[in-house]
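Sequence lines set the chain letters: A, B, ... in the order given, protein chains first and strands last, and positions in each chain run from 1.
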Protein chains: 2
Amino acid sequence: MKISAQEEYGLRCLVQLANLKDGETLTLPQIAEREGISTANAGKLMWLLNKAGFVNSTRGTKGGYFLARPAQEIFLNEIIKVLDEDVLSSHCESYTGILDKCIHTGDCGIRPVIVGLHEIVENALSRITLAGLVGNEEAVDAMFHQIQGIHRTIQPQKIV
Amino acid sequence: MKISAQEEYGLRCLVQLANLKDGETLTLPQIAEREGISTANAGKLMWLLNKAGFVNSTRGTKGGYFLARPAQEIFLNEIIKVLDEDVLSSHCESYTGILDKCIHTGDCGIRPVIVGLHEIVENALSRITLAGLVGNEEAVDAMFHQIQGIHRTIQPQKIV
DNA sequence: GCAAATCCTTACTTTTTGGTCAAGATTGAA
DNA sequence: TTCAATCTTGACCAAAAAGTAAGGATTTGC
């Protein structure tokens, strides 16, 4: 269970836009440079996010991308849903092995756990807005743990 | 963020073994049939799980697979770690774009969220044992929500 | 000792995901 | 009006994940 490349980079691009002051925009090369990805890749991601209604763009000289809505109103679960398809509602249609349908229709001991896990993640993400990701690492970390009400039971990772 | 095929099928195969009575075993074709996957695929999964010490096997006629430890002592987070690599400790080494290192070293607003998410999942899985997945769907669902202390905030999925 | 049943291991193929490229369309400014 | 900067789009290529195949090794039972 992990974050896909599209989720990771897409989120990061949006955070760049969330950092902008009102009226400012970023071009593809700027976004690409700030995230260390290729311009082509940034282009594809922004196209997705544009289609999904998270960003708007203007073409031509002085053009660029900007958030379509205030960062305070964009929740991470909406973003993830777009960047990685909505997996919560389709689990039993994937993983059908060599059959047309999952063999465990009717009664399945795995489903509650998998679906429950996805719910937990969805739930956690639905409490965080893009605006919450703006700021330094310490502040974001505090925000996250305060919102989730988590006491660390796992060793914090080494900060690189 | 989703469960990989290997995680899903690997877990399901282990649940089959957890269902066995003491002394019983399952062969690869049996496991494959019960999970609706090919024998070759089941073979690969069981090889992985064997290497990781979750199952043991005996060869020859009357051979088969069985759990190496009691199902009550095998926690899901251990299983997932084997089936999908330990992602929690390596996030910043992936997703470096076209660079050698992630561009956000030092101070990163995304990291706490991604790492925090992985922690939440790890945490949830570390409270559930394989034995908890044995039984009918309703019972497993109750176990899951009781352990996680969750009140559903999301509509339950349609049961297929 | 031999044959059948079974697991073991490596290499290969297919599918999915991730990423790149190039041509086209739009806009702003000289 | 023309050019340069920019986004848009679809086709293409590469890497990773998933799945398959086949030959080898081990054990049991006759």
Could you work out the complete set of other residues in the hydrophobic cluster of [X], with links drawn between I, L, V, M, F, W and Y side chains under 4.5 Å apart?
| X | result |
| --- | --- |
| Leu45(B) | Tyr95(A), Tyr9(B), Ile37(B) |
| Ile98(B) | Leu99(B), Ile103(B) |
| Phe66(B) | none |

Heavy-atom closest pair, residues Ala124(B) and Ile120(A):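 Smallest interatomic distance, heavy atoms only, reads CB-CD1, 3.8 Å.
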I need the minimum non-hydrogen distance between His145(B) and Glu119(A), along with the two atoms involved.
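In this case the closest contact between His145(B) and Glu119(A) is NE2-OE1, 3.9 Å.
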Notebook entry, point to check: Just how far, in rounded Å, is C1' of dC7(D) from CG of Asn50(A)?
Noted result: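 Atom-to-atom, Asn50(A) to dC7(D), this comes out as 9 Å.
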Check your understanding: Which whole-number value in Å describes the distance from Leu28(B) CG to dA22(D) C1'?
Key ->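 Going from CG in Leu28(B) over to C1' in dA22(D) covers 15 Å.
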Quick one: side-chain hydrogen bond (donor to acceptor under 3.5 Å, both in side chains) pairs with a partner in residues 62-81 of chain B, sequence neighbours left out?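 Qualifying pairs: Arg69(B)-Glu78(B), Asn77(B)-Glu122(B).
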Would you say Ser57(A) reaches dT6(D)'s phosphate, i.e. side-chain N/O to OP1/OP2 under 4.0 Å?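 Answer no for this pair, as no side-chain N or O of Ser57(A) is under 4.0 Å from OP1 or OP2.
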Review point. Which residues satisfy the salt bridge (Lys or Arg N to Asp or Glu O under 4.0 Å) test with Glu7(A), sequence neighbours excluded?
Key: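 Once residues adjacent in sequence are excluded, Glu7(A) has no partner under the salt bridge (Lys or Arg N to Asp or Glu O under 4.0 Å) criterion.
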query: Sequence neighbours excluded, which residues qualify as salt bridge (Lys or Arg N to Asp or Glu O under 4.0 Å) partners of Arg59(B)?
result: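 For Arg59(B), no residue satisfies salt bridge (Lys or Arg N to Asp or Glu O under 4.0 Å) once neighbours in sequence are set aside.
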- Message: Restricting to side chain to side chain donor-acceptor pair (under 3.5 Å), what partner residues turn up for Asp86(A), sequence neighbours left out?
- Response: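 So Asp86(A) forms a side chain to side chain donor-acceptor pair (under 3.5 Å) with Ser89(A).
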Next on the checklist: Taking side chain to side chain donor-acceptor pair (under 3.5 Å) as the definition, give me every residue that meets it alongside Asn56(B), ordered by chain and number, with sequence neighbours left out.
Outcome noted: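 Listed in chain order: nothing, the list is empty.
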Which ones in residues 59-68 of chain B lie close to DNA chain D, meaning a heavy atom under 4.0 Å from one of its atoms?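 Residues of residues 59-68 of chain B that come under 4.0 Å of DNA chain D are, in numerical order, Arg59(B), Gly60(B), Thr61(B).
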Working to the nearest 0.5 angstrom, can you tell me the gap between [X] [atom1] and [Y] [atom2]?
| X | Y | atom1 | atom2 | answer |
| --- | --- | --- | --- | --- |
| Lys44(A) | Ser38(A) | NZ | OG | 10.0 Å |
| Asp107(B) | Asn136(A) | CG | CG | 5.0 Å |
| Asn41(B) | Cys13(B) | CG | SG | 8.0 Å |

Its contact letters, B for base, S for sugar-phosphate only and - for none at protein heavy atoms under 4.0 Å, make nucleotides 10-21 of chain D read -------SSBBB
First-last contacting nucleotides on DNA chain C - partner chain A, under 4.0 angstrom, heavy atom: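 The contact span of chain A on DNA chain C goes from dG18(C) to dG28(C).
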message: Does anything in residues 15-27 of chain B come within less than 4.0 Å of DNA chain C? Heavy atoms only, and list the residues if so.
response: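 Correct list: Leu26(B), Thr27(B).
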